[in-house]
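Just so it is clear, the values below take in all heavy atoms, side chains as well, and ignore hydrogens, waters and symmetry mates. One-based numbering, in listed order, for ligands and for the atoms of each.
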Amino acid sequence: MADGGEVLLEVRDLKKWFPITGGILSRVVANVQAVDGVSFDIYKGETMGLVGESGCGKTTTGRLILRLIEPTAGSIRFEGVDILQLRGEAMRRMRRQMQIIFQDPYASLNPRMTVGDIIGEPLEIHGVARGKEKEKRVAELLERVGLRPAHARRFPHEFSGGQRQRIGIARALALHPKLIICDEPVSALDVSIQSQVLNLLKELQQDFGLTYLFIAHGLHVVKHVSDRVGVMYLGKLVEVATSDELFSSPQHPYTEALLSAIPIPDPTAKRERIVLQGDVPSPVNPPKGCRFNTRCPYVMDICRQVEPTLADVGDGHLVACHLRVPVAQAS
Ligand code: SF4
């Protein structure tokens, strides 16, 4: 992995297979291999983007890190502590360090709770503040995300989508976390609002020294916010690089295709769009060898036989592709 400073989160060989049962005995007949052997580090204070099409496993990866769901295999270390071994009070304390901002600001806020109760709930649950102290803290958080303290008395339906996402951000900040998983935090918002929310996240990162895992569908969203980017395809990481490197010199054919789909603002500039053929294969029965082989314009015989491993092609730029890393070199 690239040496980007002190590691906050270390994910190794993380897997999540969801069993599919069938027959009268409800035996496991297959598995949805949602995340299948993903490894990466996140450094303190950075934003790591995680991108890929729907069903690639990026959201599942975020939820595994928070232990909202339990992994099938692998390890997750936060500041060196193996969080999968934590139970009870120890895990509860660890949860304060890691928070999430959800994609849908409409669905993620309880419509029957006031904004003050929503933001104050984690403070109460973790015994951080109650009563007047909690109200004061909620008021500070609301102001910090660009809302007014008086908004604490209102309900979520009284706010716009952008304001609701600000409420979600305030809730995530309440416990002074070190890591925030931003799960497509702007994809449900109007384009005009997206940059405001992204700017707010950047400001908060600087002010509070936050580290982000920023999950997004397309590369264009992570481009301006990420220090490094990981690209996922069908449960695997296929490329990891600094944002500059990934955008200027993509090495994996899938990343190339994703990049080619980003519109260029300059009407005189031309970029050939790579249109991938076919749909993403089922994660129940992924292709043998390289999982991208059914859609890759450069597919070779070996791609259908041997799975490429993520290997360093220079300065921490990791790629899983036989074109870039011949088999003998990878092994
Ligand atoms: Fe394409 Fe083969 Fe590289 Fe996979 S390993 S991305 S199929 S060239």
Side-chain angles (χ1 to χ4, degrees), residues 1-2 11-17 31-40 48-61 74 215-223 226 228-262 271-331:
M1 299 274 168
V11 173
R12 289 293 175 273
D13 213 12
L14 192 62
K15 289 186 184 175
K16 181 63 185 177
W17 289 18
N31 286 288
V32 177
Q33 300 172 26
V35 175
D36 197 27
V38 163
S39 301
F40 59 90
M48 173 154 182
L50 200 56
V51 296
E53 290 161 288
S54 298
C56 71
K58 56 191 190 300
T59 291
T60 304
T61 301
I215 297 167
H217 189 75
L219 277 169
H220 62 288
V221 179
V222 296
K223 184 173 185 194
S226 304
R228 289 183 309 129
V229 179
V231 180
M232 282 188 79
Y233 185 79
L234 211 54
K236 301 263 183 195
L237 262 178
V238 297
E239 184 159 11
V240 182
T242 63
S243 200
D244 290 345
E245 176 87 2
L246 194 94
F247 282 87
S248 62
S249 176
Q251 296 294 309
H252 196 280
Y254 179 58
T255 314
E256 261 182 22
L258 288 182
L259 273 175
S260 80
I262 301 177
R271 177 163 56 200
E272 201 178 325
R273 173 141 193 207
I274 303 166
V275 180
L276 293 176
Q277 302 302 315
D279 295 326
V280 182
S282 165
V284 176
N285 190 16
K288 190 172 174 235
C290 172
R291 292 189 174 191
F292 190 55
N293 80 54
T294 55
R295 301 171 83 198
C296 179
Y298 313 107
V299 62
M300 305 172 285
D301 283 347
I302 192 170
C303 306
R304 299 191 182 92
Q305 303 300 325
V306 180
E307 185 177 337
T309 51
L310 208 55
D312 196 329
V313 292
D315 293 332
H317 189 151
L318 307 176
V319 189
C321 174
H322 294 310
L323 273 181
R324 310 298 178 205
V325 188
V327 175
Q329 196 184 326
S331 59

Metal check, atom 2 (Fe) of ligand 1 vs Cys296 N/O/S, cut-off below 2.8 Å =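 Checking Cys296: none of its N, O or S atoms is under 2.8 Å.
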inquiry  = Run the side chain to side chain contact (heavy atoms under 4.5 Å, CB included) test on Glu239 and Arg324 for me, step by step, so that the C-alpha distance in whole Å, both residues' side-chain angles and the decisive distance to 0.1 Å come before the verdict.
reply    = CA-CA 11 Å; Glu239 184 159 11; Arg324 310 298 178 205; over 6 Å; no
Check against side chain to side chain contact (heavy atoms under 4.5 Å, CB included), Phe40 and Leu14 = CA-CA 9 Å; Phe40 59 90; Leu14 192 62; 5.9 Å; no
Ligand-residue contact atoms, ligand 1 with [X], heavy atoms, under 4.0 Å:
{"X": "Cys290", "answer": "4 (Fe), 5 (S), 6 (S), 7 (S)"}
{"X": "Asn293", "answer": "7 (S)"}
{"X": "Leu323", "answer": "8 (S)"}
{"X": "Pro253", "answer": "6 (S)"}

ask   = Can you tell me which residue and heavy atom of the protein come closest to atom 5 (S) of ligand 1, and the distance to 0.1 Å?
value =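 Here the nearest protein heavy atom works out to His322 N, 3.3 Å.
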request  = For side chain to side chain contact (heavy atoms under 4.5 Å, CB included), just list the numbers for Tyr254 and Arg291, CA-CA rounded to whole Å, side-chain angles, deciding distance to a tenth of an Å, and then say yes or no.
outcome  = CA-CA 11 Å; Tyr254 179 58; Arg291 292 189 174 191; over 6 Å; no
inquiry  = Within this structure, what is the CG-NE2 distance for the pair Leu246 and His252, rounded to the nearest 0.5 Å?
reply    =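 Those atoms lie 11.5 Å apart.
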Value rounded to 0.5 Å, distance of NE2 in His317 from OG1 in Thr242 =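 One finds 8.0 Å between NE2 of His317 and OG1 of Thr242.
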inquiry  = Can you check which of Pro308, Cys303, Cys321 brings a heavy atom nearest to atom 7 (S) of ligand 1?
reply    =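 Checking each option, the heavy atom nearest atom 7 (S) of ligand 1 is found in Cys303.
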query = Where's the contact between His252 and ligand 1, heavy-atom distance under 4.0 Å: side chain, backbone, both or neither?
reply =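 For His252, the contact with ligand 1 is made by the side chain alone.
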message = Whether the Ser249 and Gln251 side chains hold a donor-acceptor pair (N or O, under 3.5 Å, no angle test) is what I'd like checked.
response =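 Result is yes, a qualifying pair exists.
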